[in-house]
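These notes are about the structure you will find just below.
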Number of protein chains: 2
Amino acid sequence: MLDERSKKVLCAVVQNYIDFPDPVGSRTVAKRYSFGLSPATIRNIMADLEEMGFLTQPHTSAGRVPTDRGYRFYVDSLVAGGDYYLNIDILQELYKRLKALKNDIDMFLGETTKTLSMLSHYIGVAMSPRPDMTTLKRIELLKYKADKVAAILFTDEGLIKNKVISLDSEVSQKDLNRIATYLNSEFSGYTFDEIRLRVIKEMSKAKTMCDSLISKAIKICQEALYFFRGDLFVSGLSEVLELPDFTDLKKIRELSRAIEDKHTIIKLLDKLSEFEGVQIIIGSENSMDEMEKFSVVVSACKEGDRPIGVVGIIGPTRMNYAKAIYIVDNTAKFITKMLVER
Amino acid sequence: MLDERSKKVLCAVVQNYIDFPDPVGSRTVAKRYSFGLSPATIRNIMADLEEMGFLTQPHTSAGRVPTDRGYRFYVDSLVAGGDYYLNIDILQELYKRLKALKNDIDMFLGETTKTLSMLSHYIGVAMSPRPDMTTLKRIELLKYKADKVAAILFTDEGLIKNKVISLDSEVSQKDLNRIATYLNSEFSGYTFDEIRLRVIKEMSKAKTMCDSLISKAIKICQEALYFFRGDLFVSGLSEVLELPDFTDLKKIRELSRAIEDKHTIIKLLDKLSEFEGVQIIIGSENSMDEMEKFSVVVSACKEGDRPIGVVGIIGPTRMNYAKAIYIVDNTAKFITKMLVER
DNA sequence: TTTTAGCACTCTCAATAGTTCAGTGCTAAT
DNA sequence: ATTAGCACTGAACTATTGAGAGTGCTAAAA
C-alpha cells in the first residue's frame, strides 16, 4: 500500500523532524536527502502521505509533521532494519558506576533512572517487580521495642524490605524465631500474592484454632506483606524541560502531575512488563489520556520467566527513537545480566 | 524608623499582593484597607517605603510589589503577632492517615510531603536525620547468599535500614552473630559519624592484630555505614506549576533542577535543622542562587536535643506565609509528638 | 504642617494593520 | 510521470495606536 519511494520520503520527514524541531517542507526533503526528485514531486508524495494519515500540517502553509502513525511507521522500519544508534564507550563507563550499587536495589534503580535520563536527555524510569510476581525467599523477625517486631523480607529477586509491626502483646525473640521458622517453612518460595491468599485462608482457620503462636505468625505475615508494592523511580524532568517540545505550560503540568501520581506510569509499565524485549508506545497509542503527548520506550528485565523489573525512557513523541531504543535495550540487558549473575 | 502608619500600609500591600497576584496600587490599598486616608497620601507613604527598600515597581506606572525585605518585615510582624491561619479540622483528619504509617519511616515521610503540599498547594519537603546525628541502637547480621550478609541497622530515631555486604570469604551465621554481638557492644549508642571515626582507628589497629573475626566485623561495619545518609522527600511540583508565579519557563526549569539535584535542598535543610521552631527563608536571604526566587518555611522535629527530621514547604516568595507557617508548625509538632510517644 | 485633589505623564497591554516568508496546491509544459 | 511556475495561505514579526492603570508633582485645603 506504500511504495518504496513513499516510505523513504516518510522516513526522511520523520528523521528530519526528530533532528530539527520545525515542520519539514518539500524543499528541505528534496535537498537534504538526495532522492533525485524535485520539491514538487516530493510535495505530491507528502500530500498522499498526509491523506493516508502519516503526516499533518500545523497550518496550511507550513511544512509537515509526523502523526503518531507516522512515527509508528518510522519506528517499525527502524526496528526491522535493526539500525539503532551506537555509542558503546559511554554506556560501559556508566554501567561500571551502577555495578557498585547492585546490593541496594533502591539506590540501584534510582541511579539507573539517572543514568537513563542523562544518556537520553529524556525521563528515565525504573520499576521494581510487582508484588504478585515477587517470591519470598526468607523472612526474619527481630524484636524491636517491647511490643514491636521488625520483619525483614528477603525475596528471590534480591530485594530486602523491612517493616515494623505492632503486636497486641509482648513476644520473646525465641518465640519470634519459632514464628519465623514456621513462616519460612510455610511460605518460602511462594509469591507475595499467593501468600496473601493463603494467609486469608489460614486466618479463618486460625480463629477456631487456638495455637496462639500460629495465629500470631499469620497476623505478622499479613502485616508484613500489606504495604509491599513495586516502587517506581523517575528522574530527568528537568532534562525534558529543556526541549523545545515542552514550551507549553499545560503540557508540562500534565507531565509533572503524571510523574507525581506515579499511578498512571506504574499501570502503564505493569502492562508492558509482560512482554519480551523493547516495547515502544507512541503518543496516543497509549490508553492513558495523561500520557497522550508522550512516547514510552521500555524493556522488562527477566530472570528466566520471572520479571525482576522494568526500565525505560519517557519523552516527547518527537523522540530520538533510535537512541532511546538502543539505550533502553542495552541497559535492560545489562541489568538482567548483572542481577542474574549476582 | 518606620512609623505605625507606614507599617500598616506595608503589611497591607504585602497582604494584598499575596491574595491577588498583581502589583498593588495606592487606590486599592486606600479602598480595601480602611485607613481613612486618600490614595494620594498612601502614594506618598508607598514612595517612602520604596525608597527604604521594602517595595518596588515592576515599571513606572504600575502598582508596587514587595521586595524580599518587604516580605521579611511582613513575616516578622506576622510571627510577632502570632496570628496565623487556623483550620484545625482538616489537619487532624490528615494526621490520622499519617499515623497509620509511622512504622515505616520512608513511607511516612513520603506521605508527609504529600500532605504538606496538598494542604499548602506549595512543595512539601521532609528529610530524615543526618547521619552524624543518627545514633546506632542495634545492628543485626543475617546471612544472605554464600558470601553475602544483610546488615540491618536500627537507630534510636526509629529508622531501620538494610544493606547487603559482600565478603571475601564465607562466614557462618554463628560467626555473624558473634560479630554482631561484638559490634553492638562496641558501637551501640554512638552516632554514625562517631562510629565511622572509630572504625577508621580500629582498622589501622586491626591490621597488626590477627583476630580475623574482629577485622571482619570492622569491615562489615564500615560498609554498612558507608551509604547511609539523610533522605530527602519532595512532592508537589505540580501544585506550584498551577500558580501564576510560575509562568516563566526559566524559573520552572531552575526549580525542577533544584528538586532533582536534591543536593541544594539537603544542604539548606541541614543548615536550618539546628534551630528550634519554624524557620523562614525568603528569596535571596537564601545563600543558594538556585533558590533565590523561592521561599522556604521549615521546622525541625526534635526529641529532646536530638533532631529526628525536618519538614517544610517551598513556594514562591509571594507565598501565603501565615498558612505555610501554621501548617509547618503544626505538622512538625505532630510528628515530634508522634515519634516521641512511639 | 499634613493631607488631598487635580492633572500631566509614563508605561503596559490589546487590538489593528502592513510586510515578509516559507511552503503549499494546482496547472500546464516537459 | 515529473517538474517548473505561480498564485495563494497563514504565521510571525513589526510598527502604530488607543485605552487604562497608576504614578509624581504641585497647589489648594484642612
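A, B, ... follow the sequence lines: proteins, then strands. Residue 1 opens every chain. Bear in mind the structure is a predicted one, so any value in this text is a computation, not a measurement. All values below come from the heavy atoms of this structure, side chains included, with hydrogens, waters and symmetry mates left out.
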Does [N] have its OP1 or OP2 closer than 4.0 Å to a side-chain nitrogen or oxygen of [X]?
X       : N     : value
A:Thr60 : D:dC8 : no
A:Ser38 : D:dT3 : yes
B:Arg5  : C:dT3 : yes

Any idea which of [options] is nearest the [X] side chain?
X       : options                : value
B:Ser61 : C:dA5, C:dG23, C:dT10  : C:dT10
A:Ala40 : C:dT4, C:dG23, D:dT3   : D:dT3
B:His59 : D:dG24, C:dT12, D:dA11 : C:dT12

To the nearest angstrom, how far is [X] atom [atom1] from [N] atom [atom2]?
X       : N      : atom1 : atom2 : answer
A:Leu49 : C:dG25 : CG    : C1'   : 16 Å
B:Arg27 : C:dC7  : CZ    : C1'   : 16 Å
A:Glu50 : C:dC26 : CD    : P     : 11 Å
A:Phe35 : D:dT3  : CZ    : C1'   : 17 Å
B:Gln57 : D:dA21 : CD    : C1'   : 12 Å
A:Ile42 : C:dC26 : CD1   : P     : 18 Å
A:Met46 : C:dG23 : CE    : C1'   : 9 Å
B:Leu55 : D:dG22 : CG    : P     : 15 Å

*Pair of N/O donor and acceptor under 3.5 Å linking C:dG25 base with A:Arg43 side chain*: yes
*Roughly how far, to the nearest 0.5 Å, is the CD atom of B:Glu260 from the NZ atom of B:Lys262?*
9.5 Å
*Out of curiosity, A:Leu49 CG to A:Lys7 NZ, how far, rounded to the nearest 0.5 Å?*
12.0 Å
*asked:* With a 4.0 Å cut-off on N to O distance, would you call A:Arg72 and A:Glu285 a salt bridge?
replied: yes
_5'-most by nearest nucleotide on DNA chain C - A:Asn44 or B:Gly36_ = B:Gly36
*Give me the ring orientation class for B:Phe54 and B:Phe73: parallel if the planes are under 30° apart, tilted from 30 to 60°, perpendicular past 60°.*
perpendicular
*Please work out if A:Thr41 contacts a base, only the sugar-phosphate, or nothing of the nucleic acid, heavy-atom cut-off 4.0 Å.*
base
_Any A:Ile18 side-chain heavy atom under 4.5 Å of A:Tyr321 side chain_ = yes
